[in-house]
Amino acid sequence: MTVNTENSRLTVSTGRARLIVEPWGESSVRVRMYPELSEIPECERLSGSPYYSALTETVSHACTIRSEEIDTTDPWYKGEEYAKYHQTGREYYLTNGKLTVRLDCEGRLSFYNQRGELLTEEYWRDRNRINRYCVPLRITGRELKPRQGGTDYEVTARFEAFDDEKIFGMGQYQDRHLNKKGCVLELCHRNSQASVPFCISSRGYGFLWNNPAVGTASFGMNKTEWYANSARYLDYFITAGDTPAEITEHYTAAAGRAPRMPEYGLGYWQCKLRYRTQEELLAVAREHKRRGLPMDAIVVDFFHWTMQGDFKFEPRDWPDPEAMVKELKDLGIETVVSVWPTIDERSENFGEMADKGMLVSADRGNGLHMTWMGNTVFYDATNPQAQKFVWEKCRENYYKIGIRCFWLDEAEPEYGPYDFDNYRYYAGSALQCTNIYPLMYAKGFYDGLKAAGEKDVLSLVRCAWAGSQKYGVLTWSGDIHSSFRAMREQLQAGLSMSVAGIPWWTSDIGGFLGGDISDEGFRELLVRWFAWGCFCPVFRMHGERSPWYEREEEFINGVRQLTSGQDNEVWSFGEDNYEILKKYLFVRENIRPYMRKTMDECSACGAPVMRPLWYEFPEDNEAWSVEDEYTLGASLLVAPVMEPGAKERSVYLPGGTVWRDANTGTVYKGGQRVTVPAPIDVIPVFVRDNAEMTVF
């Protein structure tokens, strides 16, 4: 093993592989391993391929390795700007702020905080270990296994497991578990699943698997294992901090932060399966305002277009969209328009996009990706030319008439089936890079809107990957079921996305699939979900609302039209429920200044909008185990009611402060569990430190 310090990093050559460990921002390092004989492209030597890295290119050189011991009294010392390197015998140490990396004489890496406490270490079960538990299993902490007949590798990184460790983040998965310890997670996107491979450990570190390949993350009791089915090299990022907030700040400095939230993102969004016509949509907006109800955005959902891939309004049902947008603007309502990445083979743009290589291709068999409402292929969002082409169409047909916010649906993309081994992008095979698709989809619109002069950019996107936040994505949780079980799962999904660095998040209030508006059980669910939605980062109503197929099949110019779901406005679920929903529309307005402050904090330092209790109260051991509550920003504790027929709610109030029940005014000392009333019109909300804040 040969170890060198060059270009502000440690480089280790073993004859079989080349290991690079380098500072990457404050108290953080990036670790990469390449096949020894491979030629490392210049862009990857510095920061990684732009298609394969969630990390920015600007933070790696913030630290310069110094070979001597640092004396903080020296005039050249500038705090965290310098990393410290030293060698003890046959072991090597790289210290960057609060993180120290130890490289032993056999190439094993261990990571420590500034107090010398072990954070995590690689998992080796090899015969040649010195002064460690040695077994002849020949299992190594890092592995590049060549894929037969190709130039890529199966890539694996293994780490020791710790019984006391809790792991949070990783994006959006449809289960009940906020703590991912014991979980095996598929590293790929599906409708309602978003793989965002950054996690925070209760041991005091954050970890990013910096690879958008299809694979798995296993947080077992015996070991932690990250696996990529096909990749060119191993790549991960690790950061240390004394608090979850500090870890988050380090990570988001490296991967990017959400821009400033547009003002319309702070209020209420109205949506349904589909408003069929311009007049239908305007009638809803006018009625909302006639009743004196607040509304900041309304959505023109899918199949308003002439054809999938045309990216323009169908003129019979949407005769004057420019006038529509203007009227809505005069009412104080932003128009949001749905865009799909599907290109119908009959689309006016299909031929040109196919000829210029702008479509995702198939390695074998039929090249169609979806056959729902047409034979379609996804455009290749990893191709810069395709990004610009689609944006230009949307600029011409939407932006020029006043539309500034886009709903980027189908962003996984939603293959049918998910045969990742068969699809190929401009950036490479889907096995290697498919998880980058939603990020590049959003980037195309972000770049286009910024180039057009827009200051605050927001796109509603049905998926995200690590780093998507810097492109102004508001991620929602996909086509989920209308049930209390699904509602409970969305709570952990939203918190897990927030921990993973995606702070703008929402779900379909009431769920998307199913939900009969005349059913009393569904009405109860919708009211509970609506109250919770009021205290989510973005407050948005949506759902197909069964039965949605009541219209007869209809065609316009030979193109099948999608029917509309049942009514989905706040007055659609009974008069008693209307009064409750109306109440929460104004509650959202009451907390609007607080939401602005919280969103600005998110942009400034990366702090999530929704926060697990342990984020604000890491010293409270009980807070690390609570999975059905959260804080909205720093000062509001929210405990959604997620069980049918509930009349009361048990709530844990973290210690070290006092809490005021926003509904009753009762003040409680923290560090205890209380039971509070929760009738159908009440969601338990508590104000921290008894702060002066009007909620209800």
Side-chain angles (χ1 to χ4, degrees), residues 191 270-287 298-325 327-328 335-351 368-379 393-394 397-398 401 403 406-410 413-414 416 460 462 478-479 482 508 510-519 522 541-569 571-572:
N191 184 343
Q270 176 61 39
C271 187
K272 64 177 292 185
L273 177 68
R274 183 177 181 230
Y275 289 114
R276 281 283 287 109
T277 68
Q278 175 178 322
E279 189 55 37
E280 181 183 349
L281 182 141
L282 284 172
V284 169
R286 292 164 183 158
E287 177 64 14
I298 193 167
V299 178
V300 181
D301 208 337
F302 59 176
F303 290 89
H304 66 269
W305 42 65
T306 51
M307 183 84 67
Q308 295 182 68
D310 285 357
F311 306 109
K312 61 184 180 182
F313 283 98
E314 191 284 312
R316 190 196 75 175
D317 290 338
W318 306 86
D320 194 350
E322 185 172 9
M324 174 189 72
V325 172
E327 179 177 345
L328 291 171
T335 306
V336 183
V337 167
S338 173
V339 172
W340 276 30
T342 47
I343 313 299
D344 195 297
E345 61 185 1
R346 299 167 295 172
S347 168
E348 64 186 22
N349 296 317
F350 184 89
L368 297 177
H369 302 149
M370 287 184 68
T371 57
W372 191 64
M373 305 289 288
N375 295 329
T376 61
V377 179
F378 293 111
Y379 89 88
K393 295 297 180 183
C394 291
N397 298 319
Y398 297 130
I401 63 172
I403 291 166
F406 295 88
W407 178 333
L408 307 182
D409 209 338
E410 290 290 328
E414 189 181 12
L460 179 61
R462 201 181 68 184
D479 296 347
S482 294
D508 292 348
F512 181 76
L513 297 168
D516 186 338
I517 67 172
S518 65
D519 178 73
F522 172 72
M541 177 84 100
H542 190 48
E544 68 171 13
R545 304 301 178 249
S546 300
W548 58 269
Y549 42 80
E550 61 178 8
R551 293 177 186 238
E552 293 184 2
E553 195 170 63
E554 182 182 6
F555 293 82
I556 299 177
N557 296 327
V559 179
R560 184 184 171 194
Q561 303 299 295
L562 188 69
T563 61
S564 179
Q566 300 299 304
D567 293 342
N568 196 44
E569 292 69 47
W571 52 79
S572 305

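Residue numbers run from 1 in the order of the sequence given.
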Presence of salt bridge, D409 and R462, under 4.0 angstrom: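 Salt bridge flag = yes for D409 with R462.
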What is the distance from atom CG of L282 to atom CE of M324, rounded to the nearest 0.5 Å?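 Here the interatomic distance stands at 6.5 Å.
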is_close_aromatic(W318, F303), centroid dist under 6.0 Å: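 No; F303 has its ring centre 6.0 Å or more from that of W318.
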Kindly say whether F350 contributes a backbone atom to a donor-acceptor pair with the side chain of E345 at under 3.5 angstrom?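 No, because the side chain of E345 does not come within donor-acceptor range (under 3.5 Å) of the backbone of F350.
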Can you tell me how far apart CD (Q561) and CZ (F555) are? Round to the nearest 0.5 Å.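 Atom-to-atom, Q561:CD and F555:CZ are 9.0 Å apart.
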Any sub-3.5 Å donor-acceptor pair from Q278's side-chain atoms to D320's backbone N or O?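 Yes, because the side chain of Q278 sits within donor-acceptor range (under 3.5 Å) of the backbone of D320.
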Is there a donor-acceptor pair closer than 3.5 Å between any side-chain N or O of T335 and the backbone N or O of I403?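 No, because the side chain of T335 does not come within donor-acceptor range (under 3.5 Å) of the backbone of I403.
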Is the shortest heavy-atom distance from the side chain of E314 to the side chain of M307 under 4.5 Å?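 Sidechains of M307 and E314: no contact.
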For the backbone of A323 and the side chain of E327, can you confirm whether one donor and one acceptor N or O come within less than 3.5 Å of each other?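 Pair absent, no side-chain N/O of E327 close to backbone of A323.
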Does S564 use its side chain to pair, donor to acceptor, with the backbone of Y275 at less than 3.5 Å?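 Side chain of S564 to backbone of Y275, a donor-acceptor pair under 3.5 Å: no, none is there.
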Could you tell me whether a side-chain N or O of D516 sits under 3.5 Å from a main-chain N or O of R545, the two making a donor and an acceptor?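 Not confirmed, D516 side chain does not pair with R545 backbone.
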D310 and S347: side chain donor to acceptor below 3.5 Å: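 Present: a donor and an acceptor within the cut-off.
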Return the minimal non-hydrogen interatomic distance between Q270 and E569, and the atom names on each side.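 Distance-wise, the nearest heavy atoms are NE2-OE2, 3.7 Å.
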Between T376 and M370 (side chain of the first, backbone of the second, donor and acceptor by atom type, cut-off under 3.5 Å), is there such a pair?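 Yes, the answer is positive, given that a donor and an acceptor are paired below the 3.5 Å cut-off.
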Has the side chain of K312 got a donor or acceptor atom that lies under 3.5 Å from a matching backbone atom of T306?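 Pair absent, no side-chain N/O of K312 close to backbone of T306.
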Ring centroid separation for Y398 and H304, is it under 6.0 angstrom?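 Centroid separation for Y398 and H304: below 6.0 Å.
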Could you check if a side-chain atom of F302 sits within less than 4.5 angstrom of a side-chain atom of W340, using non-hydrogen atoms only?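 When only atoms from C-beta onward are counted, W340 and F302 do touch, with a gap below 4.5 Å.
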Less than 4.0 angstrom from a charged side-chain N to a carboxylate O is my criterion; do R274 and E544 meet it?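 Salt bridge absent between R274 and E544.
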